[in-house]
Asker: 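Provided herewith is a single structure, encoded as structure tokens, for subsequent inquiry.
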Amino acid sequence: MKPFSIVIHGGAGTILKEDMTPELEKAYIQGLETSINKGYDILEKGGTAVEAIRAAIVLLEDNVLFNAGRGAVFTKKGVQEMDAAIMNGANLEAGSVTGVRNVRNPIELAYEVMANSNHVFLSGKGANDFAIKQKLKLEPDEYFFSKFRYDQWREIRDSDNYSLDHTHQDLAELMKDKKFGTVGAVALDQHGNIAAATSTGGMTNKKYGRIGDSPIIGAGTYANNKTCAISCTGHGEPFIRAVAAHDVNALMEYKGYSLQDAMHEVVHHRLPLLKGEGGMIGVDAQGNTDMVFNSAGMYRAMRNSQGIQTTGIYKD
Ligand code: ASP
């Protein structure tokens, strides 16, 4: 059997053990493990990396604990506007969407953009119209309502702040009991192909149609069989300015870095220069994987055909 691997994340931020209850911790771990095992099963049966990461992300989008799909955070206007992207490292095809509403699984819409539109990046109403045309599942606003997201937004909606729990010191303090996160997945399949995907509600209280790094190919999501598949999470603005995911690719392609060295360079040296807090997951075509973050924690899991499986939340 050829080697295969899958890695997922459920967001990075100020995630501290002392702020977590045992029940919540268990629920997060269960959510991560259900998702990684689903993706792994697809890879084990010979499915593609694209199929595996889509399926893994759909489960995370359906889980209200994560800031994607059902659990997406509230914007300044009190609605959910979701972003998602997917990229196939075998042919560099990509699809992404931004500012979509009421679509149950934005990652499926990003996939439809990649597979069935002549475009790469769709936004807002146009993206929603395309979701309807492709007969994707839509949900009413109530489906996306959760009390803890609403409370999280209510605390800052009258301010100009926008937040995930690791953006600003004062907000980190304010938000510290409410952990949440973008979701992402990367995988290598038995055919030797890699792929990456990311899905998010963005940042609480975002306004003016703000777009984060997640749906921007090269910033939050990137895949190329020659180098790596990367999905990022964190404060999106510095990740966009650092072109973080593609920077890992560039270090590998032009400088011969290993996956691990390139990810460490970007997360621990380049992003901090822009005050970029967060992390990323990665895989290469040999099946090497890594999960690197410069924040207090990152929800994460990996599993590969060598029988290695890990799940983590905090720094080791
Ligand atoms: N990077 C995402 C954004 O800025 C948020 C996150 O990773 O939680 O929209």
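Atoms within a ligand are numbered from 1 in the order they appear, just like the ligands themselves.
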Asker: Which atoms from ligand 1 have a heavy atom of Gly202 less than 4.0 Å away?
Answerer: 9 (O)
Asker: Are Val267 and Met280 side-chain neighbours, meaning at least one heavy-atom pair lies under 4.5 Å?
Answerer: yes
Asker: Do NZ/NE/NH1/NH2 and the carboxylate oxygens of Arg70 and Glu61 come within less than 4.0 Å?
Answerer: no
Asker: Tell me whether Cys232 has any N or O atom under 3.5 angstrom from an N or O of ligand 1.
Answerer: no
Asker: Please determine whether any non-hydrogen atom of Gly220 lies less than 4.0 Å from an atom of ligand 1.
Answerer: no
Asker: Identify, by atom number and element, the atoms of ligand 1 in contact range of Ser214, meaning under 4.0 Å from any of its heavy atoms.
Answerer: 1 (N), 2 (C)
Asker: Need the ligand 1 atom indices (1-based, order shown) with element for anything under 4.0 Å from a heavy-atom of Gly212.
Answerer: 9 (O)
Asker: Considering only heavy atoms of Thr233, which atoms of ligand 1 have at least one such atom less than 4.0 Å away?
Answerer: 6 (C), 7 (O), 8 (O)
Asker: Hey, would you say the Tyr28 and Phe66 ring centroids sit under 6.0 Å apart?
Answerer: yes
Asker: Salt-bridge test for Glu81 and Arg210: reply yes if a basic N is under 4.0 Å from a carboxylate O, no otherwise.
Answerer: no
Asker: Regarding ligand 1, does Thr200 bring an N or O atom to under 3.5 Å of one of the ligand's N or O atoms?
Answerer: no
Asker: How many angstroms lie between atom NE2 of His191 and atom CZ of Phe4, to the nearest 0.5 angstrom?
Answerer: 10.5 Å
Asker: If we only consider heavy atoms of Arg210, is any one of them less than 4.0 Å away from an atom in ligand 1?
Answerer: yes
Asker: Strictly below 4.0 Å, N to O, side chains only: are Arg54 and Glu108 in salt-bridge contact?
Answerer: yes
Asker: Determine whether more than 12 heavy atoms belonging to other residues, nucleotides or ligands lie under 6.0 Å from atom NZ of Lys125.
Answerer: no
Asker: Output the list of atoms in ligand 1 that are nearer than 4.0 Å to some heavy atom of Thr182, sorted by atom number.
Answerer: 2 (C), 5 (C), 6 (C), 7 (O), 8 (O)
Asker: Mark up the atoms of ligand 1 that fall under 4.0 Å of a heavy atom belonging to Asp213, in ascending order.
Answerer: 1 (N), 2 (C), 3 (C), 4 (O)
